[in-house]
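A short write-up of the structure that comes next.
Worth knowing before you read on, the calculation uses all heavy atoms, side chains too, and leaves out hydrogens, waters and symmetry mates. In what follows, every chain begins at residue 1, and chains take the letters A, B, ... in the order their sequences are listed. Values in this document were obtained by computation on a predicted structure and should not be read as measured data.
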Amino acid sequence: MPPVVRFAPSPTGFLHIGNVHTALFNWLFARHEGGEFRLRIENTDTSREVAEATEQIQESLRWLGLEWDGPVTFQLDRMDRCREEAHRLVAQGKAYEDEGAIRIRMPDDGTTAWDDLVRGPIEYPNEKLEDLVAIRSDGRPTYNFASPVEDWLDGITHIIRGDDHISNTPKQIRILEALGAPPPEYAHVSHILGPDGATLSKRHGSVSVEDFRAAGYIPEALTNYLALLGWSYDDRTEIMTVSELVERFTLERVGASPAVFDYQKLEHFNGVHLRALPPGEYAERLVGYLREQAYEWDEELVRRAAPLVQEKISTLAQFPGFAGFLFGEVDPDPALLDREVLERAAAALEGVEPFDAEGIEQALRALADELGTSPRRAFQPIRVAVTGSKVSPGLFESLELLGKDRALSRLASAGAVAA
RNA sequence: GGCGCAUUCGUCUAGGGGCCUAGGACGCCGCCCUCUCACGGCGGUAGCACGGGUUCGAAUCCCGUAUGCGCCUCCA
């Protein structure tokens with residue numbers, strides 16, 4: 001029987017990257033096993049913010065490529081059913097009323113145990129289990145009751161969730177037992193921590209999927225990096241495509257210790273996946289990103305500039321700083337300029353026809369030769385004059401994209417302010 | 001406090017008794033490539049939390065300690 005798993009976020013805001021981690025493990029497991037991945041929203045309230053968060057969560061999952069199966073279900077819609085089940089348990093003597101609330105009886109001795117798919121056998125002494133409230137006095141089911149009831153209704157076979165739920169598991173096992181539901185398998189994965197060992201939060205940097213998206217990361221890198229937090233394929237394979245992850249992911253290779261989120265390594269992964277994109281696809285990602293970020297730059301020029309930066313930047317967000325000189329004026333530091341070089345470069349470029357990288361390179365190398373300096377030294381003032389920075393895409397290609405007119409005018413105005 | 005879970009380079013991890021004088025990756029350092037930056041190549045730095053066992057032999061098994069985290073709510 002193919003497994004059925006679920007991701008059950010509460011709609012309190014944007015999708016946190018830590019939740020994405022568990023969602024990803026559920027999704028990879030379901031896809032690898034040919035099972036189903038369900039999305040359940042644990043809403044307890046109908047406020048407007050919640051409705052927006054619900055939409056946001058789905059948008060984030062779609063962007064990441066974590067498509068779910070079947071309709072999205074809402075905890076709110078199951079409240080009546082939860083109450084019915086609770087009353088049934090009361091009628092069966094497995095639960096009782098307590099000042100308007102309903103409590104489920106828990107065993108007093110012995111232990112409740114399960115074989116955790118990630119952690120192995122876990123035992124919990126029953127004397128620590130209190131009769132737990134299933135229905136509050138106001139009639140609302142509690143999380144610890146509603147969650148297992150819904151898992152049962154949805155036919156969830158494997159519960160893959162954060163390790164903060166380990167202590168809830170014995171209670172839920174007993175509830176399922178009382179309901180007469182078949183017990184699911186449990187797999188508790190570790191939480192993701194910030195560099196200081198505390199739960200990852202805003203002050204560490206990006207935390208929500210939207211944050212990472214705005215920071216110029218792409219789904220391929222995020223899923224690849226996240227998959228490697230607590231899971232590994234072997235002792236050397238790290239860079240993987242989504243389909244490779246699906247093909248290789250197994251719960252057996254999920255580790256139990258917590259992992260610290262490393263932004264630098266994510267950025268490295270992002271660079272690798274960015275470089276691996278076909279040039280046309282890369283250009284479209286760049287255009288899409290700039291559009292989302294509300295840049296109103298000539299998209300045709302962005303596409304032409306894309307190949308110049310693909311090998312050089314590791315997040316899409318670096319594009320404006322790196323290639324912005326193509327889209328707006330520059331303000332070079334006079335101290336880094338050299339009047340003679342700039343004047344002679346302008347003269348040399350004047351005659352280049354057609355004005356393409358190849359011709360430009362020939363002309364400028366010849367110039368360096370005439371000046372008796374290394375290309376390194378000769379090109380730097382030109383780069384600064386044209387791009388406004390000591391760091392830029394390839395100089396010849398940049399000049400070509402800029403066009404002869406703009407190139408010459410930048411050389412001229414820089415020459416005028418040169419020290 | 002009780003119960004539970006965790007503990008290999010700074011970080012992510014491989015490792016499940018001899019293959020480990022512990023492998024890979026990010027970061028960092030050096031060199032090479034080079035029009036800058038980046039990419040790429042080469043080399044280097046750095047780790048089995050501690051203490052007892054078990055065993056011919058332990059990073060690997062057991063016990064204890066320490067540390068971290070989680071839960072102990074009519075929160076989710």
Side-chain angles (χ1 to χ4, degrees), chain A residues 8-12 42-45 75 98-103 111 116 118-120 122-130 132-147 161-171 188 190-193 195 197-199 225-239 253 255-269 271-272 274-275 308-314 318 321-322 336 360-361 364-365 368 374-384 387 389-399:
Chain A
S10 36
T12 48
E42 305 215 318
N43 60 338
T44 47
D45 182 328
Q75 190 165 74
D98 174 27
E99 290 176 25
I102 295 179
R103 284 186 186 270
T111 59
D116 198 277
V118 168
R119 285 152 207 271
I122 298 180
E123 247 189 20
Y124 199 85
N126 289 336
E127 57 174 333
K128 297 293 169 190
L129 259 30
E130 304 215 327
L132 85 85
V133 173
I135 307 292
R136 299 182 180 84
S137 357
D138 66 3
R140 291 158 55 229
T142 59
Y143 163 80
N144 266 319
F145 184 64
S147 185
R161 59 181 11 174
D163 65 356
D164 50 331
H165 288 286
I166 291 179
S167 301
N168 288 326
T169 304
K171 303 172 196 169
H188 288 96
S190 282
H191 265 183
I192 294 179
L193 309 174
T199 303
Y225 176 70
L226 245 21
L228 259 19
L229 255 28
W231 173 82
S232 65
Y233 175 57
D234 59 18
D235 64 339
R236 55 195 64 249
T237 312
E238 294 208 309
I239 300 299
R253 291 197 61 85
S257 46
V260 171
F261 195 93
D262 184 348
Y263 287 90
Q264 284 185 311
K265 189 158 183 175
L266 200 220
E267 184 166 327
H268 173 257
F269 271 53
V272 171
L274 237 22
R275 274 175 255 124
L308 274 61
V309 304
Q310 187 168 9
E311 287 292 322
K312 295 175 181 282
I313 62 177
S314 52
Q318 288 161 8
F322 197 66
L336 300 173
I360 293 166
E361 175 164 8
L364 292 183
R365 286 197 186 279
S374 64
R376 187 190 222 87
R377 289 174 56 92
F379 296 167
Q380 194 67 340
I382 302 175
R383 179 190 316 283
V384 171
T387 71
S389 169
K390 289 192 288 186
V391 177
S392 79
L395 181 58
F396 319 124
E397 293 79 5
S398 295
L399 284 164

Donor-acceptor pair, side chain of [X] and main chain of [Y], under 3.5 angstrom:
X        : Y        : answer
A:Asp116 : A:His188 : yes
A:Glu311 : A:Arg275 : no
A:Tyr225 : A:Asp262 : yes
A:Arg253 : A:Trp231 : no

Using the [atom1] atom in both, what is the distance from [N] to [M], to the nearest Å?
N     : M     : atom1 : result
B:G24 : B:G64 : C1'   : 34 Å
B:G47 : B:A22 : P     : 10 Å
B:G17 : B:G53 : P     : 23 Å
B:C71 : B:G30 : C1'   : 49 Å
B:C61 : B:C75 : C1'   : 41 Å
B:G43 : B:A25 : P     : 11 Å
B:G51 : B:A66 : C1'   : 10 Å
B:C26 : B:U45 : C1'   : 14 Å

- On RNA chain B, nearest-nucleotide positions of A:Asp138 versus A:Pro195: which is more 5'?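 Its nearest nucleotide lies further toward 5', so the answer is A:Pro195.
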- Would you kindly compare A:Arg383 and A:Glu42 by the position of their nearest RNA chain B nucleotide and give the one closer to the 5′ end?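 It is A:Arg383, whose closest nucleotide lies nearer the 5' terminus.
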Under 4.0 Å between any heavy atoms, over every strand shown, what does [X] touch: base, sugar-phosphate, or nothing? Just pick one.
X        : result
A:Glu123 : sugar-phosphate
A:Arg275 : sugar-phosphate
A:Ala256 : sugar-phosphate
A:Lys128 : sugar-phosphate
A:Ser137 : base
A:Arg161 : nothing
A:Tyr225 : nothing
A:Ser232 : sugar-phosphate
A:Leu228 : sugar-phosphate
A:Phe396 : base
A:Arg136 : base
A:Gln264 : sugar-phosphate
A:Gly394 : base
A:Asp98  : base

Using purine N1 to pyrimidine N3 plus N6-O4 or O6-N4 for Watson-Crick, or N1-O2 and O6-N3 for G-U wobble, both under 3.5 Å, which nucleotide pairs with [N]?
N     : result
B:U67 : B:A6
B:A25 : B:U11
B:C31 : B:G41
B:U73 : none
B:C56 : B:G18

- Outermost RNA chain B nucleotides near chain A [under 4.0 Å, heavy atoms]: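 That gives a stretch of B:G2 to B:A76.
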- With sequence neighbours left out, write down each residue that passes salt bridge (charged side-chain N to carboxylate O under 4.0 Å, His left out) with A:Arg136, or none if nothing qualifies.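 Counting only residues at least two positions away or on another chain, A:Arg136 forms no salt bridge (charged side-chain N to carboxylate O under 4.0 Å, His left out).
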Give the minimum heavy-atom separation between [X] and [Y], together with the two atoms involved.
X        : Y        : value
A:Pro170 : A:Leu129 : CB-CD1, 4.2 Å
A:Ala146 : A:Gln75  : CB-NE2, 3.7 Å
A:Pro195 : A:Val260 : CA-CG1, 3.6 Å

Going by atom type alone, with no hydrogens or angles, which donor-acceptor pairs under 3.5 Å involve a side-chain atom of residues 374-381 of chain A and a protein atom two or more places apart or on another chain?
| unit_1 | atom_1 | unit_2 | atom_2 | d |
| --- | --- | --- | --- | --- |
| A:Ser374 | OG | A:Arg377 | N | 3.2 |
| A:Gln380 | OE1 | A:Arg383 | NE | 3.1 |

